[in-house]
Asks: 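Dropping the structure in here first, questions after.
Quick caveat: nothing in here was measured; it's all calculated off a predicted structure. Letters A, B, ... are given to chains in the order of the sequence lines, protein chains preceding strands, and every chain is numbered from 1.
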Amino acid sequence: LSLTFMNSSHNRITSSPLINLPSGIVRPSFSLSSLLLQLQISLKSLLPVNLPRLNKAYFFALIDSHIIHYPTPITLTYAWSFGSLAGICLVIQMVSGIFLSMHYAPNVDLAFSSVEYIMRDIKNGWLIRYVHANGASMFFIVVYSHICRGLYYGSYMEPREWLWVSGVILFFLMMGTAFTGYVLPWGQMSFWGATVITSMVTVIPVVGSAIVEWLWGGYTIKNPTLNRFFVIHFLLPFFIAGFTLIHLALLHKVGSNSPIGSDTGVDDVPFYPYYASKDLFALSCFLVFFATFVFYFPNVLNHPDNCIPADPFETPRHVVPEWYFLAYYAILRGIPHKTGGIIAMFGSIAVLFLIPFINSSEIRNTTYRPIFKFFFGYSLLISLF
Amino acid sequence: MNAFRLANRLVPRTMGAMRSSSRILGTTNAIRHLSVPATQTTPAPLDQLGSVDHEYESTRVDRVAEPDRRAFTYLMLSSVQFVYASAARLLVVKLVASMAPSAEVLALAFGEFDLSALEVGKTIMVDWRGKPIYIRRRSAAEIEKESQVQLDHLRDQEADSDRTIKPEFLVVVGICPHLGCVPLPNAGDFGGFFCPCHGSHYDVSGRIRMGPAPLNLEVPPYKFISDTTVLIG
């Protein structure tokens, strides 16, 4: 059953900043302007500003049409809050990171002790450091949930293929940021994790070792490597921020998917106040979860070996990345062949790019696909054990 | 309210259109119950079929009829908004405070210096909070001479007794108040200090006597914890 009531383009933001009524539906025979006027007057009570005045300026009309009156399906569950939560996680990481970088020294002789200096001597330094370290883990929890929502509800399907692709790019940028950031405290795990990952470049035939020495800025990981990793770690979040805008633009072009799966837009409510308040509540719950880690279990997600200063001549017994990279690390170690393992590891993430284009189902939502649903749940269960 | 259903009920359908649409939807029997009689030409008013403001006004609590309900809502909202406000305040306070001098810097805020080796007429320079401090041991003649100076002759009028705790030891910050250079000790026309940058002359009490500096050399907070040990800071 194909629903083709949206005769106009999928562009949800028209020139009118008011509520976007479904345009393909058979129109009532009386004037639509009186209806819109009635709508405006009743919705005026929701905002403490003069609504018609607000929309006269282009800038406010832009904000209004994307955040205030933006039509959102009424059926969205809390699974849809992870997107805004991810944006807020980015802001948390950027603010805490900027204040940390005021006191951090990106030099191999000073890095480890500068982190200890932050923890002990800087006022509230311990708080900022724990927020940043645990915030990275929280960011990954939120983003993995966000991806899971996208996979389950088929948000990658037509017409949202490029939205999904922009999301995978964001994920790659995020992983790069997390990797370079973990190197900065210059503990044992930082150093050896960096060694293992950057050495993967040697798998490239002929030029591999030349490339890795260029990457390192030397013959091993030393001061030049740490310096450039600090710069990369500082820079990538701004790329993430830019790509987030692209991600949102691609989303707003077609509108959100919903748990029901219908795209007609007939049951839309304005984003403010309904989803603004829903996202705010989701944020409160997330902050409680986050605060539990920061204030009660700040080191439980960290590896104790990273509290030992880096020693280039001794590798720790159990070199593991942070928990959010363990799945890919397991794939890497699962294949007893160097090139095969690396290809499998990067392939397992790169396959995310292909998902919208190899999809063969006409049904978007997994709820209505019983066989796929079984295998989806089964693979989720397998991946946990 | 489903706007699709809303719109459908507004427009009177012809028999032909009903039959063809029922063929598509496969609900031939059901559609007869929803059919609009041919005699009705004016569409029903919109607000009787659904709610254009998502039932905001109709479900709104009447302030006069039920004052307690509104009060409860306001109580809940205001307490939660107080939590949000305090979270925002906490965020700003913690982050701004982190930029304040750290414990390491504060630990170096005090400097203890032993002056037993300092000879009369000599000046030493010590480091306190990253600033140069001159400590000069003055002879009785020099102290007498400085106390005789008339305050009217000074640009920055300060008596010598006000600038020292023990007149024998002069403790001043070695930064010229003009533009920040470090003056030379035991130099200048007045026997005190001389700033080579722009030619400010200071006397043995560290007061500006000639040159462009507007103020006397600053006296830092200090005290003597013994006869020959000074604690600056």
Asks: Against chain A, label B/Leu91 side chain, backbone, both or neither, depending on which of its atoms sit under 4.5 Å from a heavy atom there.
Replies: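 Neither the backbone nor the side chain of B/Leu91 comes within 4.5 Å of chain A.
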Asks: Assess whether atom CZ of A/Phe297 is packed by more than 12 heavy atoms of other residues, nucleotides or ligands within 6.0 Å.
Replies: no
Asks: Counting only heavy atoms closer than 4.5 Å, note whether A/Ser96 contacts chain B via side chain, backbone, both or neither.
Replies: neither
Asks: Please round to the nearest 0.5 Å and tell me the distance separating atom NE2 of A/His103 and atom CE of B/Met99.
Replies: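 The CE atom of B/Met99 is 7.5 Å from NE2 of A/His103, to the nearest 0.5 Å.
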Asks: Between chain B and each of A/Ile98, A/Val95, A/Leu280, A/Leu127, count heavy-atom pairs under 4.5 Å; write down the option with the most.
Replies: A/Leu280
Asks: For atom CZ of B/Phe110, decide whether the heavy atoms of other residues, nucleotides or ligands shown that lie under 6.0 angstrom number more than 12.
Replies: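 It does not: B/Phe110 CZ has 12 such atoms or fewer within range.
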Asks: If you measure from CG on A/Leu287 to OH on B/Tyr84, what distance do you get to the nearest 0.5 Å?
Replies: 9.0 Å
Asks: Suppose a student defines contact as a heavy atom less than 4.5 Å from any heavy atom of chain B. Which residues in residues 116-126 of chain A would they list?
Replies: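 Answer by number: A/Tyr117, A/Asp121, A/Ile122, A/Lys123, A/Asn124.
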Asks: Atom NZ of residue position B/Lys122 - does it have more than 12 heavy atoms of other residues, nucleotides or ligands inside 6.0 Å?
Replies: no
Asks: Count the heavy atoms belonging to other residues, nucleotides or ligands that lie under 6.0 Å from OH of A/Tyr78, then report whether that count exceeds 12.
Replies: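 More than 12 heavy atoms, drawn from other residues, nucleotides or ligands, come within 6.0 Å of this atom.
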